[in-house]
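Below: one structure, written as structure tokens.
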Amino acid sequence: MSRRFVPVDRRILERNIKARYHAGDIGTEDALNLFDELIQVAGPSSVRAINCLLTVVGSDCPALGVSLFNRVARTKVPPHNVTYGILVDCCCRAGRLDLGHAAMGHVIKLGFTAEAIVNFSHLLKAICAEKKTSYAMDIVLRIMPEFNCVPNIFSYNILFKGLCNEKRSQEALELIQIMVEDGGCCRPDVVTYSTVIDGLLKEGEVDQAYRLFSEMLRQGVSPNIVTCNSIISGMCKLHAMDKAEEVLQQMLDRRILPDVTTYTSLIHGYYSLGQCEEVDRVFKEMPRNGVQPNIITYSIQMDYLCKNGRCTEARKIFDSMISLG
DNA sequence: CTAGGGTTAG
């Protein structure tokens, strides 16, 4: 019998699993049943179908994903690097960073490291979540290169998020400068800048945040609606309304249409400064850009009115909301 | 088949 002979049953099952996975048509229960079925007849060709099933189960219940992996390990199906990637993610999300490290140990032993960039990302994210970003930085800057695994922008962006979460946005700024000056393949992108600008604003550094936003534009990195809303919201919370308006203007210049979140942030900011004329101006501007207030916008408005002895006006808005549905 | 950022209130 040819070694490349794959039993028909197995092949049909594998093909069926992959097709259903790509159609988004496998729930956790289905995946468990299919796994039981497949594992009976599984061979080396089954690993991709197994990866699909592990992904489904693991994203719903990481601990169950780990136990399925252990069942795979007892068969004659050698896991791929990707299988280990799914495993690392399951371990980390199950709160078992120790097992995540152990799984990476297997990846290293099996010589998968050069292609294990995503596996490292899962681990880095979990390490940063434990506020051990310095350790994550050591992995990115020293350990990964030692294993010929070249860190990419994802690796760095995980570090940036970790630094900002630890209120170390100054170090994040320095790292951005190093990446820009290096001019290599790993330049800061929209996620990098958005993350660090957000971190600076959460530390109250309006001027630095605004400077970094300008730097981002100068570097030719385009913001998106999500980026802008984050910046505008942060600036409004710090009562830097002039800066928030400048960012709004930059949005309009770049044909990024403000949405209800953008305007609601501005309205909240102006109310908190007691600048009702500005609030009125924003309310008038919204429909001109095709944006309607939502329940949050009205709640902010009613909150302000009630706290300033204008309950009758608030009541009118409340009633109008009902008639607006 | 596995990876990164964010937003409006109370």
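Protein chains get the first letters and strands the later ones, always in sequence-line order, with residue 1 at the start of each.
A donor-acceptor contact under 3.5 Å links the side chain of A:Thr227 to the base of B:dG5. A donor-acceptor contact under 3.5 angstrom links the side-chain atoms of A:Asp189 to the base of B:dG4.
Residues satisfying the side-chain contact (heavy atoms from CB on, under 4.5 Å) test with A:Arg20, not counting sequence neighbours, are A:Asn16, A:Asp25, A:Ile26, A:Asp30, A:Leu34. The side-chain hydrogen bond (donor to acceptor under 3.5 Å, both in side chains) check on A:Lys18 picks up nothing, with sequence neighbours excluded.
The main-chain N or O of A:Val88 is never found under 3.5 Å from a side-chain atom of A:Asn119 such that the two would form a donor-acceptor pair.
Each of B:dT2, B:dG4, B:dT8 was ranked by its minimum atom distance to the side chain of A:His122; first place goes to B:dT2.
Side-chain contact check for A:Asn70 and A:Ser67: no donor-acceptor pair (N or O, by modelled atom type) lies under 3.5 Å.
Annotation: proximity of residues 268-284 of chain A to DNA chain B (heavy atom, distance under 4.0 Å) is found for A:His268, numbered in ascending order.
In this structure, A:Asp303 reaches the sugar-phosphate backbone alone: every heavy-atom distance under 4.0 Å involves primed, P, OP1 or OP2 atoms, never a base. A:Ser265 comes within 4.0 angstrom of sugar-phosphate atoms only, judged by non-hydrogen atoms across all strands, and of no base.
Residue A:Arg315 places its CZ atom among 12 or fewer non-hydrogen atoms of other residues, nucleotides or ligands, all under 6.0 Å distant.
Side-chain N/O atoms of A:Lys125 include one lying less than 4.0 angstrom from OP1 or OP2 on B:dG4.
Spacing between atom CG of A:Asn229 and atom C1' of B:dG5 amounts to 13 Å, rounded to whole angstrom units.
Salt-bridge check for A:Arg211 with A:Asp207: failed, with every basic side-chain N at 4.0 Å or more from each acidic carboxylate O.
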